[in-house]
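Structure record follows, encoded as structure tokens.
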Amino acid sequence: GAGVSQTPSNKVTEKGKYVELRCDPISGHTALYWYRQSLGQGPEFLIYFQGTGAADDSGLPNDRFFAVRPEGSVSTLKIQRTERGDSAVYLCASSLDKGVKQFFGPGTRLTVL
Amino acid sequence: SQQGEEDPQALSIQEGENATMNCSYKTSINNLQWYRQNSGRGLVHLILIRSNEREKHSGRLRVTLDTSKKSSSLLITASRAADTASYFCATANSGGSNYKLTFGKGTLLTVNP
């Protein structure tokens, strides 16, 4: 079946703008995660959804970052007033439940000029 | 914050040779997972080993886990040029937050034809 998909694959924006990044998880996966990966680093956890609710958003760096998953499937990561330091690859993953292997999408490369 | 630390940071070998990568971590874990990443984009899950397991095999991959030393190793036997990628270990903590993966910085493996 289809894997995790993310759109757009690349996003270039200007400092101060608002961006939305979309994630379509594998069908039937109740758990969804967002990670951020900076150049030369491993991914870092941002937020975890179980169903529609954000069960753990402790990894979001500040209140400019927000994520939703209104129907328990597709998720959108929203970044307000983007800064150059937000430039990174944003990875989405899903799993059947928590504590099991996670399936990652191809990521969205965000560049803030 | 990064928990796992992979060693070495970079490894270059000839096709047919074996490649060994190590990972150390700091806290009690529920499981440890190894992922492969090509060209800085999506991660591919390779293998998951639980804290009560000591060794696991999957095809040409062999993973060991030593919880007393808080370390793991990934062995790829009979390497191929297609194995060229970055390899990350990721730990899931024991307890209620076992959904949150903490990644190391990765080992860049180059397999020369």
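By convention in this document, chain letters (A, B, ...) are assigned in the order of the sequence lines, proteins followed by strands, and residues within each chain are numbered from 1.
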query = What about B:Ile47 and B:Met21, same hydrophobic cluster or not, with Ile/Leu/Val/Met/Phe/Trp/Tyr joined at side-chain heavy-atom distances under 4.5 Å?
reply = yes

query = What's in the same ILVMFWY side-chain cluster as A:Ile26, cut-off under 4.5 Å, chained through other members?
reply = A:Val4, A:Phe103

query = Are there more than 12 heavy atoms of other residues, nucleotides or ligands under 6.0 Å from atom CG of A:Leu39?
reply = no

task = Calculate, to the nearest 0.5 Å, the distance between atoms CG and NZ belonging to B:Asn31 and A:Lys101 respectively.
result = 12.0 Å

query = For atom CD of B:Gln14, is the number of surrounding heavy atoms from other residues, nucleotides or ligands below 6.0 Å larger than 12?
reply = yes

query = Do A:Phe104 and A:Trp34 share a hydrophobic cluster, counting only Ile, Leu, Val, Met, Phe, Trp and Tyr and linking them when any side-chain heavy atoms are less than 4.5 Å apart?
reply = no

query = Closest approach of B:Leu43 and A:Pro43, non-hydrogen atoms and distance?
reply = CD1-CG, 4.0 Å

task = Working to the nearest 0.5 Å, report the span between CD of B:Gln37 and CD of A:Gln37.
result = 4.0 Å

remark   = Checking heavy-atom separations under 4.5 Å from chain B, one finds in residues 46-68 of chain A A:Tyr48, A:Asp56, A:Ser58

message = Within the structure provided, determine whether A:Tyr35 and B:Leu101 are in side-chain contact (heavy-atom separation under 4.5 Å).
response = yes

ask   = Just wondering, are more than 12 heavy atoms of other shown residues or ligands nearer than 6.0 Å to CD in B:Glu15?
value = yes

inquiry  = Does A:Arg84, at its CZ atom, have more than 12 non-hydrogen atoms belonging to other residues, nucleotides or ligands within less than 6.0 Å?
reply    = no

task = Flag yes if B:Val111 and B:Ile76 sit in one hydrophobic cluster, no otherwise; membership is Ile, Leu, Val, Met, Phe, Trp, Tyr, and two members link when side-chain heavy atoms are under 4.5 Å apart.
result = yes

A:Gln6, part contacting chain B, at a heavy-atom distance under 4.5 Å = neither

task = Say whether B:Ile13 and B:Leu74 are linked into one hydrophobic cluster, either directly or through other cluster members, by side-chain heavy-atom distances under 4.5 angstrom.
result = yes

message = Donor-acceptor pair, distance only, cut-off 3.5 Å: does the side chain of B:Tyr99 make one with the backbone of A:Tyr33?
response = no

